[in-house]
Amino acid sequence: MMAHTLLPITNLDRLEQIPGNERALLHKVSQHHAFMTNDYYLSLISWDDPEDPIRRLIIPDKRELYQWGKEDPSDEGMYTSMQGVQHKYENTVLFIISNQCASICRYCFRKRIFHSRRNESLRDLDAAIAYVKNHRKVSNVLLTGGDPLMLPAHRLDEILTRIRQIDHVSVIRLGSKVPAFMPQRISDDPELLAILKYHSTANKRLYIMTHFTHPRELTPEAEIALGCLHDAGVLLANQSPLIRGVNDNAATLTELFQRLAAMGSPQYYLLQCRPVRGNYHLVVPIEEGMALFEQARSRCSGLEKRGRYVMSHTTGKVEIVGLLEKRVILKYWQAAQKKDQGRVMIFPRNPLALWLDDYQDHRTEISADRDLCKTKWVPSVAVC
């Protein structure tokens, strides 16, 4: 059973560190974008600092009411095969197995699930398993949510057991911010650790994609939790978004990358913050982000800087490869359509661009499999 300090806090009035008049305004924000956290995570905030990055990650902000962005910026609905099952890339199927998190990030790209009456999480496990069995090119299943580690241990065991019975699935990944938000959920639950150890075998390891966004989340409690996962035979990698006022400087990113590699969860993706409703004040322009990313990586060893800077666009995972004097270079790291796989795109520089759709209508494309350049007209698509 979780300690009292880990029970969810959903009432902003519990936050006596915030003046009453400010809390009244934040209540209006939480009516549109849900608030939830716990005492452990709140304890990481330096309340004397109004620009504290942990505060910015979890406490509502009046700027979230600015009308910008979409509820589903990556158009996940386009790739939903059945409730709770998404199939965007040929070899990967995603199961949304939980609609609960240990806290709610202010930048969450699925924040819609915390206010929507429509439950998007998996309802029919039998049908989901049958779907994967019938698609033999699927080698990866990603469990996400919400947060899969918020499920009761026996339910997670059931899901993992059923997936492990599919012979052509070699990799199971769990995307989780529990190691940052509630590390005690891992270290204090021997049943959960036993289940993870059972399903992480020598030839088919479980992966947990951790979600540390700032070095101050790497507490002694988090270190213990990651050690427990390593002892259970789980492999770890980290993915985090680039967030204005949180990790948008080279020194912070460098420390994050170095400490994560040392703790055995090296950076996998640094993600461009998605254009979600309420996120405008948190988004760093792409080209500024690329410059920060390269500054941070220049201070890191090879293992520490193996992450990639990408955006999860409707059409696929687009890597921001580099900047020229007048051009930005992008590449499909993973594409929804085979014709786009590996495609390189070269756009005129646009320092205000926040998303792929923000670049100019003309672009130069280079085929991934032949030395050929051509200019192609691409209709503009509005973000909002």
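A distance of 8.5 Å separates CZ in Phe35 from CG in Asn11, rounded to the nearest 0.5 Å. To the nearest 0.5 Å, the span separating OG1 on Thr210 from CG on Leu226 amounts to 6.5 Å. The OH atom of Tyr41 lies 13.0 Å from the CD atom of Glu221; values are rounded to the nearest 0.5 Å. Ser103 OG to Ile59 CD1: the interatomic distance, rounded to the nearest 0.5 Å, is 9.0 Å.
For Arg185 (side chain) and Leu149 (main-chain N/O), a donor-acceptor pair under 3.5 Å exists by modelled atom type. The backbone N or O of Ile195 sits nowhere less than 3.5 Å from a side-chain atom of Asp157 that would complete a donor-acceptor pair. In terms of modelled atom types and a separation under 3.5 Å, the side chain of Asn247 and the main chain of Pro241 share a donor-acceptor contact. Of the possible polar contacts, none joining the Lys305 side chain to the Thr254 backbone as a donor-acceptor pair under 3.5 Å is found. Without hydrogens or angle criteria, Asp75 side chain to Met78 main chain gives no donor-acceptor distance under 3.5 Å. A donor-acceptor contact shorter than 3.5 Å links the side chain of Arg216 to the backbone of Leu44.
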>> Walk me through whether Leu282 and Arg106 qualify under side-chain contact (heavy atoms from CB on, under 4.5 Å).
In response: CA-CA 9 Å; Leu282 299 173; Arg106 305 319 303 168; 4.2 Å; yes

> Where do Glu287 and Met290 land on the side-chain contact (heavy atoms from CB on, under 4.5 Å) test, with the steps shown first?
Replying inline: CA-CA 5 Å; Glu287 293 168 26; Met290 186 63 199; 5.5 Å; no

>> Does Leu143 form a side-chain contact (heavy atoms from CB on, under 4.5 Å) with Leu160? I'd like the steps, not just the answer.
In response: CA-CA 9 Å; Leu143 304 181; Leu160 291 172; 3.8 Å; yes

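Looking at Gln100 and Ser98, their side chains never bring a donor and an acceptor atom within 3.5 Å of each other. Using modelled atom types and a 3.5 Å distance limit, the side chains of Tyr198 and Thr161 yield no donor-acceptor pair. Counted by atom type alone, Ser312 and Ser74 present zero donor-acceptor pairs between their side chains at under 3.5 Å. Donor-acceptor pairing under 3.5 Å is recorded for the side chains of Asn203 and Thr201. With 3.5 Å as the limit, one finds no donor-acceptor pair spanning the side chains of Thr213 and Ser240. Judged purely by distance below 3.5 Å, without hydrogens or angles, the side chains of Gln341 and Tyr332 never pair a donor atom with an acceptor atom.
Taking the charged nitrogens against the carboxylate oxygens, Glu120 and Arg112 do have a contact shorter than 4.0 Å, which makes a salt bridge.
Residues Val328 and Pro348 come closest through the heavy atom pair CG1-O, 4.3 Å. Considering every non-hydrogen atom in both Leu236 and Pro266, the closest pair reads O-CD, 3.7 Å. Closest of all the heavy-atom pairs between Leu253 and Ala296 is CB-CB, 3.6 Å. Contact record, Ser121 with Asn119: OG-OD1, 2.6 Å, taken as the closest heavy-atom pair.
Between His211 and Tyr107, the angle of the ring planes lies from 30° to 60°, which puts this pair in the tilted group. The aromatic rings of Trp68 and Tyr280 sit perpendicular to each other, their planes meeting at more than 60°, with 30° as the lower class boundary.
Within the structure, ring-ring contact (aromatic ring centres under 6.0 Å, His included) pairs that include any residue of residues 217-268 do not occur (at least two apart or interchain).
The side-chain hydrogen bond (donor to acceptor under 3.5 Å, both in side chains) test applied to His135 returns no partner, not counting sequence neighbours.
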